Amino acid sequence: MIHVIRTGIFGVNTLVVETEKGKVFVVDPAACTLSGDQNIILDYLKKKKLECIGIVLTHYHFDHVMGIKQLKEAFPKAQVAIHQAEFAEFQNPPGPLGRADIMFFGGDQIIQVVEQQPSAEVALKTGQDYFGWKVLHTPGHTPGSICLYSAVENALISGDTLFDYGGYGRTDLAGGDEAQIIKSLAYLRENIPAGTLVYPGHDSFGFKI
């Protein structure tokens, strides 16, 4: 089961993914004081009596990470996971690339919120199993962008790598690479079965690849 909550200043699709009865991991928590929705994820978990056992980031961009602190305070055992290619970037965030991206948007207030977020604790490896989901390294939007795939759920969590109607994440920010993201999209086309439901980081979700 995947439940989608729109959070944060850029309307991120925060995903609540059930791993077993009563337990979930949360993907890209972005709810924060700047958007006035800082309690929306926790309110949902409390209402449904769900325990968060993991927090996974599809990449380090500020709009996907600003709600980690609230989750960690409520569920301190839920470790923050990010691909190993960005693990160093998310130690005492924002890292150099993240700070450059924030400054591109001119966001002093954003920096203050991101600086409050806990560091990553788990460095995900390509092909690793994460609570039943396979970690796919799909660089291009950022160096360590990932997707998560589950054959059982018939679903792909694509972060900002793949959007509906063939769209994909921008590559003009620090760490972006157009050639890499084209390769990543080709990898997904070749390795993810047709008919798989896609849950991206923004906009429409649940469409088929």
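Small disclaimer: the values here were computed from a predicted structure and weren't measured.
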d(I9 CD1, T33 OG1) to nearest 0.5 Å is 10.0 Å

Could you label the plane-to-plane angle of the Y44 and H3 rings as parallel, tilted or perpendicular, counting under 30° as parallel and over 60° as perpendicular? parallel

Measuring from atom NE2 of H61 to atom CG of L97, what distance do you get when rounded to the nearest 0.5 angstrom? 8.0 Å

Verify side-chain contact (heavy atoms from CB on, under 4.5 Å) between I68 and L57, making sure each step is shown before the conclusion. CA-CA 10 Å; I68 300 171; L57 309 178; 3.9 Å; yes

Would a distance-only check, ignoring hydrogens and angles, find a side-chain to backbone donor-acceptor pair under 3.5 Å from S119 to Q91? no

Determine whether V16 and I55 fall in the same hydrophobic cluster, where Ile, Leu, Val, Met, Phe, Trp and Tyr are linked whenever their side-chain heavy atoms lie under 4.5 Å apart. yes

Show, in sequence, the C-alpha distance, side-chain angles and deciding distance for V24 and E51, and conclude whether the side-chain contact (heavy atoms from CB on, under 4.5 Å) test is met. CA-CA 6 Å; V24 300; E51 177 188 0; over 6 Å; no

side-chain contact (heavy atoms from CB on, under 4.5 Å) evaluation trace for I40 with T14: CA-CA 11 Å; I40 190 171; T14 293; over 6 Å; no

Quick check: closest heavy atoms across T161 and S145, and the distance to 0.1 Å? OG1-CB, 4.0 Å

Closest approach of G8 and S35, non-hydrogen atoms and distance? CA-OG, 3.4 Å

Is there a donor-acceptor pair under 3.5 Å between the side chain of K77 and the backbone N or O of I53? no

Tell me whether N92 at atom CG has more than 12 heavy atoms from other residues, nucleotides or ligands lying less than 6.0 Å away. no

Restricting to non-hydrogen atoms, name the atom on D108 and the atom on M103 that form the minimum distance, rounded to 0.1 Å. OD1-CE, 4.2 Å

How far apart are the closest heavy atoms of F163 and G159, and which atoms are they? CE2-O, 4.0 Å

Do the non-hydrogen side-chain atoms of I5 and D37 ever get within less than 4.5 Å of each other? no

Common cluster, M66/L173, ILVMFWY with side-chain heavy-atom separation under 4.5 Å: yes

For F25 and F131, take the angle between the two ring planes, folded into 0 to 90°, and tell me which bin it lands in: parallel under 30, tilted 30 to 60, perpendicular over 60. parallel

Shared hydrophobic cluster, Y130 / L197 (ILVMFWY, side-chain heavy atoms < 4.5 Å): yes

Heavy-atom check, side chain of C147 versus side chain of L162, under 4.5 Å: no

For the backbone of P139 and the side chain of S184, can you confirm whether one donor and one acceptor N or O come within less than 3.5 Å of each other? yes

Heavy-atom check, side chain of L45 versus side chain of F75, under 4.5 Å: yes

Within-4.5 Å side-chain heavy-atom neighbours: R6 and N13: yes

Between Q128 and K125, is there a donor-acceptor pair closer than 3.5 Å when you use the side chain of the first and the backbone of the second? yes

Note: G144 and A85 closest approach over all heavy atoms is CA-CB, 3.8 Å

Between Q38 (side chain only) and Q70 (backbone N and O only), is there a donor and an acceptor less than 3.5 Å apart? no

So CD of E190 and CG of L185: to nearest 0.5 Å the spacing works out to 11.0 Å

From OG1 (T19) to CG (L50), nearest 0.5 Å: 9.5 Å

Would you indicate whether Q116, at its atom CD, is surrounded by more than 12 heavy atoms from other residues, nucleotides or ligands within a distance under 6.0 Å? yes

Please determine whether salt bridge (Lys or Arg N to Asp or Glu O under 4.0 Å) holds for the pair E18 and K48, giving the CA-CA distance in whole Å, both sets of side-chain angles, and the decisive distance to 0.1 Å. CA-CA 11 Å; E18 188 171 0; K48 297 295 183 178; over 6 Å; no

Hey, what's the ring geometry for H83 with H137, parallel, tilted or perpendicular (30° and 60° as the breaks)? parallel

I would like to know whether V135 and V56 meet side-chain contact (heavy atoms from CB on, under 4.5 Å); could you show each step before the answer? CA-CA 11 Å; V135 176; V56 61; over 6 Å; no

Taking C-beta and beyond as the side chain, do S150 and K134 meet within less than 4.5 Å on heavy atoms? no

Given side chains that start at C-beta, do those of N154 and T196 come closer than 4.5 Å, heavy atoms only? yes

Note: I181 and G169 closest approach over all heavy atoms is CD1-O, 3.6 Å

Side-chain touch D160/H64, heavy atoms, less than 4.5 angstrom: yes

Kindly compute the distance separating CD (Q112) from SG (C32), expressed to the nearest 0.5 Å. 12.0 Å

Separation between CD1 of I41 and CG of L71, rounded to the nearest 0.5 Å: 5.0 Å

Indicate whether any N or O donor in one side chain lies under 3.5 Å from an N or O acceptor in the other, for D28 and T58. yes

Same apolar cluster: W133 and V27, side chain cutoff 4.5 Å: yes

When you measure from the side chain of Q180 to the backbone N and O of G176, does any donor-acceptor pair fall under 3.5 Å? no

Taking the side chain as C-beta and beyond, is there a heavy-atom pair between R99 and I111 under 4.5 Å? yes

Cluster overlap L136 with Y60, hydrophobic side-chain contacts below 4.5 Å: no

Assess the pair F10 and F62: is the distance between their ring centroids shorter than 6.0 Å? yes

